[in-house]
There are 2 protein chains.
Amino acid sequence: MDRYARSVAERSRRIPEATVARLPVYLRALVEESDAKATTISSERLAELAGVNAAKVRKDLSYLGSYGTRGVGYDVEYLMFQMSRELGLTHDWPVIIVGAGNLGHALANYGGFRDRGFPVAALLDADPSKVGGRIQGIDVRAVDDLDDLVAELGSVIGVIATPAVAAQEVADRMASAGITSILNFAPAVVTVPDGVSLRKVDLAVELQILSFYQQQRDGGPDDEAGNPDAPATPTDPAAPAVG
Amino acid sequence: MDRYARSVAERSRRIPEATVARLPVYLRALVEESDAKATTISSERLAELAGVNAAKVRKDLSYLGSYGTRGVGYDVEYLMFQMSRELGLTHDWPVIIVGAGNLGHALANYGGFRDRGFPVAALLDADPSKVGGRIQGIDVRAVDDLDDLVAELGSVIGVIATPAVAAQEVADRMASAGITSILNFAPAVVTVPDGVSLRKVDLAVELQILSFYQQQRDGGPDDEAGNPDAPATPTDPAAPAVG
DNA sequence: GGTTGTGAACAAATTCACAGCG
DNA sequence: CGCTGTGAATTTGTTCACAACC
């Protein structure tokens with residue numbers, strides 16, 4: 001198969017959502033392995049570093065193309081490059097955070113965003129008393145500046161770090177300002193127009209999920225007298241909730 | 001056997017992982033609806049509030065038991081109670097956070113944990129210069145105090161908010177101290193012994209996933225024959241809906 | 001020999017559609 | 001009639017197992 005045909009075939013491949021969610025983890029593992037001066041890596045080793053099994057790694061990578069060499073493994077640098085390209089990480093994405101409370105503050109300070117190509121370009125708040133302050137070299141601006149800032153900074157990714165009640169309105173304003181990817185930290189369900197991607201991180205929900213499994217282990221919901229059979233761990237090695 | 005039939009049947013019902021992850025969202029919706037003085041709620045309405053479809057709500061709730069009334073809907077208070085019980089939220093779970101940096105700090109301050117039954121009972125750090133400080137009324141303690149604190153506080157849930165390099169060691173120490181549920185915020189893969197639940201929240205990974213879909217919308221990875229350059233400014237309008 | 005890439009088998013999750021019951 | 005509860009159908013994701021290839 002010639003080069004042109006191959007690239008067309010790759011483009012039309014639809015990558016499953018579950019795979020997309022794992023690519024960043026593989027990428028991180030590859031960076032580590034590259035720092036450790038490895039030049040090639042097997043699916044087995046990559047699986048170990050990423051905390052999944054080797055079959056899954058191979059299947060996932062196969063959606064990107066046939067970048068491995070049988071009998072050898074994958075070239076670390078080449079795979080890193082292909083993966084970065086696929087994830088759109090060949091350039092920075094300036095993000096705009098709305099909500100300069102506890103969490104917004106912490107996120108703005110969090111170096112992990114900048115380090116991975118997501119510099120915090122602006123921090124907005126609705127509270128006039130917060131506007132004008134400076135956090136980690138970033139001016140706190142008014143939410144009403146959103147349209148201007150999106151245009152000025154060319155941001156397409158927004159982060160919602162407001163209280164729950166404000167989340168939907170902020171999402172609406174982001175969408176109408178031209179933001180097309182939103183990460184929501186507010187403990188509220190928000191809806192976005194077609195063409196806008198949304199992901200959510202709900203800190204309390206994560207603890208509540210842990211609480212469920214914790215309690216299963218402790219003997220299940222107790223509405224009767226003591227239960228003698230202590231159910232074993234519901235441990236499926238592949239289940240996301242359990243190690 | 002009859003005397004326990006109902007509770008055994010319920011207990012042995014294996015609730016799918018995907019369902020468990022949605023229960024807290026339903027619960028939050030129910031609390032809202034209860035605050036709004038509603039006494040019953042349909043699967044349709046609950047679905048709307050939770051951002052899913054009605055069939056999924058009914059299927060999910062059916063794993064808890066037959067708590068609805070045909071032609072009417074679900075009793076809000078009763079369903080709230082059953083769900084809280086199932087999730088193990090009938091009592092508080094004191095959590096121990098390790099890592100008093102940016103994120104640990106923010107989490108300790110974050111009221112959302114306490115409000116939902118997860119009071120931050122201790123904040124630990126390896127850095128002696130941080131130990132002895134006070135955050136939101138919580139003393140910062142040394143990581144070496146972990147065993148003592150777990151015993152003293154009766155905590156079974158731990159939160160890792162350290163840099164990536166420290167994450168695995170902290171997880172190990174938590175597990176050996178008796179912590180059986182861990183929420184990991186460090187951008188690193190950690191493994192835990194059987195019988196310990198683990199969930200992870202990786203902030204940068206979330207943005208990277210958004211970046212993938214963003215870029216798909218912008219026209220996919222650009223690699224036409226010998227041009228490895230990235231698209232400069234991602235301001236392409238055409239948007240095949242992703243979500 | 002060693003390791004990838006992938007159809008085929010299997011498992012989990014979602015959605016459909018309607019019987020069953022208030 | 002209205003809405004739940006659930007089998008059946010469908011879709012999505014995971015794992016197996018082995019041919020293909022270096």
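Order of the sequence lines fixes the chain letters, A, B, ..., with proteins taken first and strands second; residue numbering starts at 1 for each chain.
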Calculate the interatomic distance between [X] atom [atom1] and [N] atom [atom2]; express it in whole Å.
{"X": "Glu17(A)", "N": "dG13(D)", "atom1": "CD", "atom2": "P", "result": "6 Å"}
{"X": "Asp75(B)", "N": "dT4(D)", "atom1": "CG", "atom2": "P", "result": "13 Å"}
{"X": "Tyr67(B)", "N": "dT6(D)", "atom1": "OH", "atom2": "P", "result": "12 Å"}
{"X": "Leu64(B)", "N": "dG5(D)", "atom1": "CG", "atom2": "P", "result": "10 Å"}
{"X": "Asp60(A)", "N": "dT14(D)", "atom1": "CG", "atom2": "P", "result": "7 Å"}
{"X": "Arg22(B)", "N": "dA12(C)", "atom1": "CZ", "atom2": "P", "result": "15 Å"}
{"X": "Leu79(A)", "N": "dT4(C)", "atom1": "CG", "atom2": "P", "result": "11 Å"}

Heavy-atom distance under 4.5 Å between the side chains of [X] and [Y], does that happen here?
{"X": "Met174(B)", "Y": "Val196(B)", "value": "no"}
{"X": "Leu61(B)", "Y": "Met83(B)", "value": "yes"}
{"X": "Ser84(A)", "Y": "Leu27(A)", "value": "yes"}
{"X": "Asp202(B)", "Y": "Arg28(A)", "value": "yes"}

Practice item. Verify, without hydrogens or angle tests, whether Gln168(B) (side chain) and Thr191(B) (backbone) share a donor-acceptor contact under 3.5 angstrom. Key: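 Answer holds: yes.
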Exercise for review: Pull out every residue in residues 43-58 of chain B that has a heavy atom closer than 4.0 Å to any atom of DNA chain D, ordered by number, or say none.
Suggested key: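 Close to the strand are Ser43(B), Arg58(B).
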Check your understanding: For DNA chain D, what residues of residues 26-35 of chain B have any heavy atom nearer than 4.0 Å?
Key ->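 Heavy-atom contacts with DNA chain D come from no residue of residues 26-35 of chain B; none.
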Check your understanding: Closer than 4.0 Å, any side-chain N/O of Tyr74(B) to the OP1 or OP2 of dG22(C)?
Key ->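 No.
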Exercise for review: Just jot down the side-chain hydrogen bond (donor to acceptor under 3.5 Å, both in side chains) partners of Glu44(A), sequence neighbours excluded, or say none.
Suggested key: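 For Glu44(A), no residue satisfies side-chain hydrogen bond (donor to acceptor under 3.5 Å, both in side chains) once neighbours in sequence are set aside.
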Practice item. If the plane angle is over 60° it's perpendicular, under 30° parallel, otherwise tilted; pick one for His91(A) and Trp93(A). Key: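 Aromatic pair His91(A)/Trp93(A) classed tilted.
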**Study point:** Of the listed nucleotides dG13(D), dT15(C), dT3(C), the one nearest the side chain of Lys59(B)
**Key:**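 Selected nucleotide (nearest to the side chain): dT15(C).
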Review point. Which nucleotide in the set dA13(C), dG5(D), dT14(D) lies at the smallest distance from any side-chain heavy atom of Ala18(B)?
Key: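 Looking only at side-chain atoms, Ala18(B) lies closest to dA13(C).
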Practice item. Let me know, please, whether Thr69(B) or Val72(A) comes out on the 5' side of the other along DNA chain C by nearest nucleotide. Key: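 Closer to the 5' end of DNA chain C: Val72(A).
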Point to revise | Distance-only donor-acceptor check, side chains Tyr213(A) and Glu17(B), under 3.5 Å | key: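 Side-chain D/A pair, Tyr213(A) to Glu17(B): present.
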Exercise for review: Take Ser197(A) and Gln214(B), measure what side-chain hydrogen bond (donor to acceptor under 3.5 Å, both in side chains) needs, and give me the verdict at the end.
Suggested key: CA-CA 8 Å; Ser197(A) 301; Gln214(B) 180 66 46; 5.9 Å; no
Point to revise | N/O donor-acceptor pair, side chain Arg70(B) with base dT4(D), under 3.5 angstrom | key: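 Side chain to base: pair present.
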